[in-house]
K.L.:
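Below you will find the structure I want to go over with you.
The figures here come from the full heavy-atom set of this structure, side chains too, leaving out hydrogens, waters and symmetry mates. These figures come from a predicted structure and were not determined experimentally.
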Amino acid sequence: MEIISGKWKVVILWALSENHKRFGELKRAIPDVSEKVLIQHLRELEADGIVHRESYDVTPLRVEYSLTSHGVALNEALKPLGAWGRKHLPIEV
């Protein structure tokens, strides 16, 4: 539970579920998160072995984030929780 603690970590996992993303793409996918918090959560998820950070030696620096095999497995484990939420929680318009 500590690995996915924090308001945005599960949302980050969901955003990375389909393919790798650059930081700007993640920021656009999760517009309500601040850059500081997004960077902090990405570092924590990387340290926990859930997210992989790939740096490319080009100018300007290019960094992409993707899920590790542990991250993919964690997303799979969270799917039933998401299904429950869609079924039981009210939808905000």
K.L.:
Are there more than 12 heavy atoms of other residues, nucleotides or ligands under 6.0 Å from atom CD of Glu54?
P.N.:
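Counting other residues, nucleotides and ligands, CD of Glu54 exceeds 12 neighbours.
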
K.L.:
Ignoring hydrogens and geometry, is there a side-chain-to-backbone donor-acceptor pair from Thr68 to His52 under 3.5 Å?
P.N.:
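Such a contact is absent between Thr68 side chain and His52 backbone.
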
K.L.:
Decide if atom CH2 of Trp14 counts as having more than 12 heavy atoms of other residues, nucleotides or ligands within a radius under 6.0 Å.
P.N.:
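At most 12 heavy atoms, drawn from other residues, nucleotides or ligands, come within 6.0 Å of this atom.
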
K.L.:
Search all heavy atoms of Leu13 against all heavy atoms of Asn75 and return the closest pair with its distance.
P.N.:
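Minimum heavy-atom contact is O-ND2, 3.0 Å.
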
K.L.:
Tell me whether Arg62 at atom CZ has more than 12 heavy atoms from other residues, nucleotides or ligands lying less than 6.0 Å away.
P.N.:
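Result for CZ/Arg62: enclosed.
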
K.L.:
Measuring from Phe23:CZ to Arg53:CZ, what's the distance to the nearest 0.5 Å?
P.N.:
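Answer for the CZ-CZ pair, Phe23 versus Arg53, is 10.5 Å.
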
K.L.:
Mind checking the CG-NZ spacing from Asp32 to Lys7? Nearest 0.5 Å is all I need.
P.N.:
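These two atoms lie 7.0 Å from each other.
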
K.L.:
At their closest point, which heavy atom of Glu25 faces which heavy atom of His20, and how far apart are they?
P.N.:
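Taking every non-hydrogen atom into account, OE1-O, 4.4 Å.
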
K.L.:
So, the side chain of Lys9 versus the backbone of Glu44: is there a donor-acceptor pair under 3.5 Å, distance only?
P.N.:
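No; zero donor-acceptor contacts below 3.5 Å.
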
K.L.:
Is any side-chain heavy atom of Lys27 less than 4.5 Å from a side-chain heavy atom of Glu35?
P.N.:
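Contact flag for Lys27/Glu35 side chains = yes.
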
K.L.:
Do you know the tightest heavy-atom contact between Ala77 and Pro80?
P.N.:
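Scanning both residues completely, I find the closest heavy atoms to be O-CD, 3.3 Å.
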
K.L.:
What pair of heavy atoms forms the shortest contact from Ile12 to Leu42, and how long is it?
P.N.:
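Heavy atoms of Ile12 and Leu42 come nearest at CG2-CD2, 3.9 Å.
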
K.L.:
Please check if Leu78 and Leu89 belong to a single hydrophobic cluster, counting links between Ile, Leu, Val, Met, Phe, Trp and Tyr side chain heavy atoms closer than 4.5 Å.
P.N.:
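Hydrophobic grouping puts Leu78 apart from Leu89.
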
K.L.:
Does a donor on one side chain and an acceptor on the other come within less than 3.5 Å for Tyr56 and Glu64?
P.N.:
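Result is yes, a qualifying pair exists.
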
K.L.:
Starting at OG of Ser5, measure out to NE2 of His41 and round the result to the nearest 0.5 Å.
P.N.:
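One finds 7.5 Å between OG of Ser5 and NE2 of His41.
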
K.L.:
Do Lys79 and Glu76 pass the salt bridge (charged side-chain N to carboxylate O under 4.0 Å, His left out) test, and can you show the C-alpha distance, the side-chain angles, and the key distance before you say yes or no?
P.N.:
CA-CA 5 Å; Lys79 278 186 181 178; Glu76 289 296 317; 3.0 Å; yes

K.L.:
Looking at CD of Glu46 and CG of Asp48, how far apart are the two atoms once the value is rounded to the nearest 0.5 Å?
P.N.:
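Atom-to-atom, Glu46:CD and Asp48:CG are 10.0 Å apart.
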
K.L.:
Minimum heavy-atom separation for Ser55 to Val63, with atom names?
P.N.:
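Looking at all heavy atoms of both residues, the shortest contact is OG-CG2, 3.8 Å.
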
K.L.:
Could you give the distance from CZ (Arg22) to CG (Leu26), rounded to the nearest 0.5 Å?
P.N.:
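Interatomic distance, Arg22 CZ to Leu26 CG, rounded to 0.5 Å: 11.5 Å.
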
K.L.:
Heavy atoms only: give me the nearest Leu16-Tyr65 pair and the separation to one decimal.
P.N.:
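Heavy atoms only, the tightest pair is CD2-O, 3.4 Å.
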
